[in-house]
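Heads up, the thing below is written out as structure tokens.
Note that these values count all heavy atoms, side chains included, but never hydrogens, waters or copies made by symmetry.
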Amino acid sequence: MRRSFPWLWVAVGLSLAVWVGLTLFGQPLGYRVPWLILPVGLLAVAWGFWLAALLAVFGVAVEALLSLPGGVGREGWQLIFWLGGVMLLGAWLSSRLGSELYRAYRRQQASSQQLALLVAALEELSALGDRSELLRALSGVLNRLGEGHVSVWVPEEEGFRLFSGAGSEAFPERLPPNSIVGRCYHQGAPVYLPDVGQDSEYIGAGGSSVKSELALPLLERGEKVAVLNLERSTSFDPEEREGLQRFARAVGQTLSTLAERGEAVLLSRLAATLAVSEEPSSLAKKALAVLAPALGVRGAVLFMQQGERMVPLALHGEAQRFASALERMSYGSGLVWQVYQKNQPLWVEHYAETPGALTEFTALGLEAVLLYPVPVGATKRARVILALGARRSRRWLEAERRMLEAVCRTLGLALEAALSRERTQVLLGLSREVTEATPERVYQELLEAAVRLVAGAEKGSLMVREGDQYRFRAVVGFDHSVLSLASYDETVQETWYCRPLEDWVRGEPRIVSNAPTILATSRQSFTTPMIEAGEVDKIQSNLCLPISYQGEVLAILNLDNLHDPQAFDEDSLGVARLFAAPLASLLHQVRYRRLLELAAHTDVLTALPNRRAFDRVILDELSLARRHDYPVALLLMDLKGFKPINDALGHAKGDQALIQVAQTLFAEQRGGDKLFRWGGDEFAAILPYTSLEGALVVARRYAKSVEQICIEGLSLGINVGIAIFPHDAWEEKQLLNLADQRMYQAKEQGLAVYAGVNENRGSKEGMN
């Protein structure tokens with residue numbers, strides 16, 4: 001019996017009532033028969049053939065009796081036969097149609113119910129955080145919806161591992177590649193078994209109740225990550241299979257969305273973490289703490305190449321157990337050096353079976369390994385390498401590889417900034433040392449910093465000019481007792497440098513990356529004891545930096561690598577160039593420190609009085625002005641265009657620019673005015689007996705004269721801030737602060753001279 005529909009009962013009843021009424025009122029047969037056929041058809045559609053057939057027989061008999069009052073003769077039987085046949089045929093056809101409609105209705109109802117359940121399942125799954133959580137919850141969610149035995153399988157090197165299961169306690173832990181799950185995974189398409197008993201390769205939760213099996217691939221961003229397997233005691237209708245396939249595709253889309261969201265969150269967290277880190281080691285430690293959990297690994301290391309060793313910059317998790325072995329990773333040992341040389345990532349699923357694997361790590365149970373180069377600067381070598389490891393073999397997804405590329409780019413930029421800050425701090429520290437430490441200590445610390453911070457350096461030496469000879473004053477990694485006895489003139493050093501003289505004078509670093517060439521050049525330049533003490537026959541690559549100051553090479557920095565002919569690269573040259581000007585300045589300061597001490601109140605470079613002299617003079621002048629009641633103008637001046645000269649032409653040209661500015665200002669100086677080198681590229685002037693109007697005239701003359709200075713096509717300018725005693729300020733500190741503020745306001749507003757707004761004068765004084 002099919003499902004009853006109340007409206008059908010009403011329609012059948014009304015049709016029969018009309019038929020009876022027409023019959024009682026004696027209407028012709030042609031009017032009555034349609035109202036009899038209608039309820040027969042409706043009964044056949046709703047309740048099947050037999051009930052409709054009974055009504056048809058009954059109706060035909062009644063019509064025959066009513067139509068033939070004299071008895072049923074031959075014509076009556078013909079009528080009964082004709083009308084009955086038509087009605088029975090209609091009932092049969094209506095019954096077939098009803099069956100098909102009912103089945104379609106049931107399929108549509110089942111599909112709607114299944115769709116609603118699957119949508120609810122997707123909503124529940126989409127709220128989870130990552131792939132593992134979703135795959136773990138998937139089997140339980142579908143099992144609660146009545147899908148029978150549900151399991152999720154993930155690929156391994158030799159088959160598939162059960163990731164989650166529900167509905168049975170008899171799931172196997174692993175499946176071979178030729179299983180139904182394996183077929184589904186390798187084909188990348190659904191596999192359906194209507195009768196598992198007919199397939200000899202069936203392996204499942206088992207039990208006589210299992211009749212059919214459906215395996216569906218789950219894709220994450222187009223890549224197969226798992227297989228969803230369903231087993232039932234009944235068959236899967238085509239509509240159900242189609243619905244479940246769509247569900248699997250929707251799960252794949254959810255997996256992709258979760259992966260993209262996780263990647264964005266990871267990069268955001270990483271960027272936020274790196275933004276507040278200062279030192280490279282601190283930065284690396286925080287980065288690993290973010291990356292390791294996100295990538296599902298329990299051990300992580302960030303390596304940095306320092307000479308012949310890969311030094312762990314930071315360790316996380318289980319990697320700390322390998323610390324002692326990591327410290328012994330000299331040049332060429334381990335897979336990390338392969339990544340260093342090729343600058344390409346290395347993905348390992350079975351570490352112990354990989355050529356180049358170290359026994360220390362295989363003994364400790366290391367299995368899955370990822371080594372990824374972190375781009376820091378322009379180099380052909382991977383000087384920083386991210387290493388991730390796990391104890392269990394795992395398959396690295398393509399999406400993970402793409403994510404690691406973005407992660408390492410972000411990490412590389414942060415490390416590059418951190419290393420730059422570290423180099424700056426080292427140079428600042430050396431600058432402070434100059435005024436306190438002995439020259440020998442400064443030389444040694446300078447060299448050690450260069451060996452540590454210039455990529456590729458293992459050993460090094462510093463030769464300092466003394467008269468017309470260069471002598472070894474600091475070494476790292478070589479025999480100092482022998483080298484300290486050697487001295488060579490500039491001609492010998494130029495031969496060793498083997499580059500044009502212009503580059504030598506300019507202080508351009510050069511690289512030689514051929515051991516026979518290095519040895520041959522050394523034999524032309526140096527004595528045998530020096531060659532032996534300097535291990536020249538072992539040097540694979542050398543970076544030589546002439547440290548030039550105002551056209552004179554004060555010292556020669558040699559950095560060496562004894563293992564890799566390609567150890568030095570563009571990043572090494574970049575750091576060497578960065579070091580050149582500060583080192584030249586430091587060596588210059590060491591060389592003339594005593595002279596500077598004797599001239600404590602004079603700026604050595606410009607020969608103008610310095611800040612110390614200014615501090616004394618300003619107090620004296622203001623004291624006299626208060627006593628005798630006259631104005632004093634204070635001018636603070638900052639150069640425009642100095643930094644481009646310093647950056648493009650070098651520190652020496654920058655010094656020449658400062659000297660020329662000092663000379664120009666001095667030439668424009670009035671009698672009684674006092675000029676000072678305030679510091680850096682800033683100058684100051686104290687103008688006694690000078691009001692605002694007079695100060696503006698002097699300041700404009702200074703600005704106009706400085707604008708005439710041009711250093712190799714680069715022009716200079718000046719920004720002047722003016723403060724007047726006593727109109728603008730009474731105390732020395734207030735006057736200084738006001739002049740300093742106006743100097744920066746002049747710079748911000750693009751003015752050469754700025755005197756500010758004075759309430760008493762009510763005007764704004766400035767000059768473009």
Checklist entry - Hey, are Tyr549 and Asp655 close enough side-chain-wise for a donor-acceptor pair under 3.5 Å? => result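 Per modelled atom types, Asp655 and Tyr549 side chains form a pair under 3.5 Å.
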Item to check | Any donor-acceptor N or O pair under 3.5 Å, side chains Asp564, Gln540 | outcome: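 There is no such pair (donor and acceptor under 3.5 Å, judged by atom type) between the side chains of Asp564 and Gln540.
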Checklist entry - So Tyr331 and Tyr340, would you call those rings parallel, tilted or perpendicular, with 30° and 60° as cut-offs? => result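 Because their plane-to-plane angle is over 60°, the rings of Tyr331 and Tyr340 count as perpendicular.
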Checklist entry - Going through the checks in order, is the side-chain contact (heavy atoms from CB on, under 4.5 Å) test met by Trp678 and Met637? => result CA-CA 8 Å; Trp678 178 260; Met637 298 168 277; over 6 Å; no
Hey, is [X] close enough to [Y] for a salt bridge, meaning N to O under 4.0 Å?
| X | Y | result |
| --- | --- | --- |
| Asp503 | Arg506 | yes |
| Lys747 | Asp638 | yes |
| Arg383 | Asp571 | yes |
| Arg577 | Glu508 | yes |

Evaluate the side-chain proximity of [Y] to [X]: yes if any heavy-atom separation is below 4.5 Å, no if none is.
| X | Y | answer |
| --- | --- | --- |
| Ser705 | Leu665 | no |
| Glu308 | Leu562 | no |
| Pro373 | Pro345 | yes |
| Leu635 | Phe683 | no |
| Val661 | Phe642 | no |
| Trp504 | Arg499 | no |
| Tyr702 | Leu675 | yes |
| Pro280 | Glu422 | yes |

Between the main-chain N or O of [Y] and the side-chain N or O of [X], is there a donor-acceptor pair closer than 3.5 Å?
| X | Y | result |
| --- | --- | --- |
| Glu448 | Arg452 | no |
| Asp489 | Val492 | yes |
| Thr424 | Ser420 | yes |
| Gln305 | Gly307 | yes |
| Ser513 | Pro565 | yes |
| Thr664 | Gln660 | yes |
| Arg465 | Ala555 | no |
| Ser541 | Gln566 | no |

To the nearest 0.5 angstrom, please state how far the [atom1] atom of [X] sits from the [atom2] atom of [Y].
| X | Y | atom1 | atom2 | result |
| --- | --- | --- | --- | --- |
| Leu270 | Leu411 | CG | CG | 6.5 Å |
| Ile686 | Phe676 | CD1 | CZ | 4.0 Å |
| Tyr744 | Leu636 | OH | CG | 9.5 Å |
| Ile547 | Leu554 | CD1 | CG | 8.0 Å |
| Trp337 | Phe303 | CH2 | CZ | 10.0 Å |
| Asn343 | Gln341 | CG | CD | 11.0 Å |

Next on the checklist: side-chain contact (heavy atoms from CB on, under 4.5 Å), that's the test. Do Arg473 and Leu446 meet it? Break it down for me.
Outcome noted: CA-CA 11 Å; Arg473 289 306 183 204; Leu446 185 153; over 6 Å; no
Checklist entry - Would Leu283 and Leu415 count as a side-chain contact (heavy atoms from CB on, under 4.5 Å) if you check the C-alpha gap in whole Å, the side-chain angles of each, and the deciding distance to 0.1 Å? => result CA-CA 7 Å; Leu283 181 148; Leu415 272 176; 3.6 Å; yes
[X] to [Y] - nearest heavy-atom pair and separation:
| X | Y | result |
| --- | --- | --- |
| Tyr443 | Val464 | OH-CG1, 3.7 Å |
| Asp560 | Gly460 | OD2-CA, 4.4 Å |
| Ala287 | Leu274 | CB-CD2, 3.9 Å |
| Arg510 | Trp496 | NH2-O, 3.2 Å |
| Tyr470 | Met463 | O-CE, 3.4 Å |
| Cys408 | Pro375 | O-CD, 3.5 Å |

Next on the checklist: Tell me whether the count of non-hydrogen atoms from other residues, nucleotides or ligands lying under 6.0 Å of NZ in Lys285 goes above 12.
Outcome noted: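 No, because the 6.0 Å sphere around NZ of Lys285 holds 12 heavy atoms or fewer from other groups.
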Checklist entry - Would Leu658 and Leu639 count as a side-chain contact (heavy atoms from CB on, under 4.5 Å) if you check the C-alpha gap in whole Å, the side-chain angles of each, and the deciding distance to 0.1 Å? => result CA-CA 9 Å; Leu658 293 173; Leu639 292 184; 3.7 Å; yes
Item to check | side-chain contact (heavy atoms from CB on, under 4.5 Å) partner of Leu371, chosen from Ile385, Val301, Leu386, Leu388 | outcome: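 Option passing the side-chain contact (heavy atoms from CB on, under 4.5 Å) with Leu371: Ile385.
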Item to check | Positive for side-chain contact (heavy atoms from CB on, under 4.5 Å) with Leu714, one of Asn646, Ile645, Ile709 | outcome: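 Among Asn646, Ile645, Ile709, the one meeting side-chain contact (heavy atoms from CB on, under 4.5 Å) with Leu714 is Ile645.
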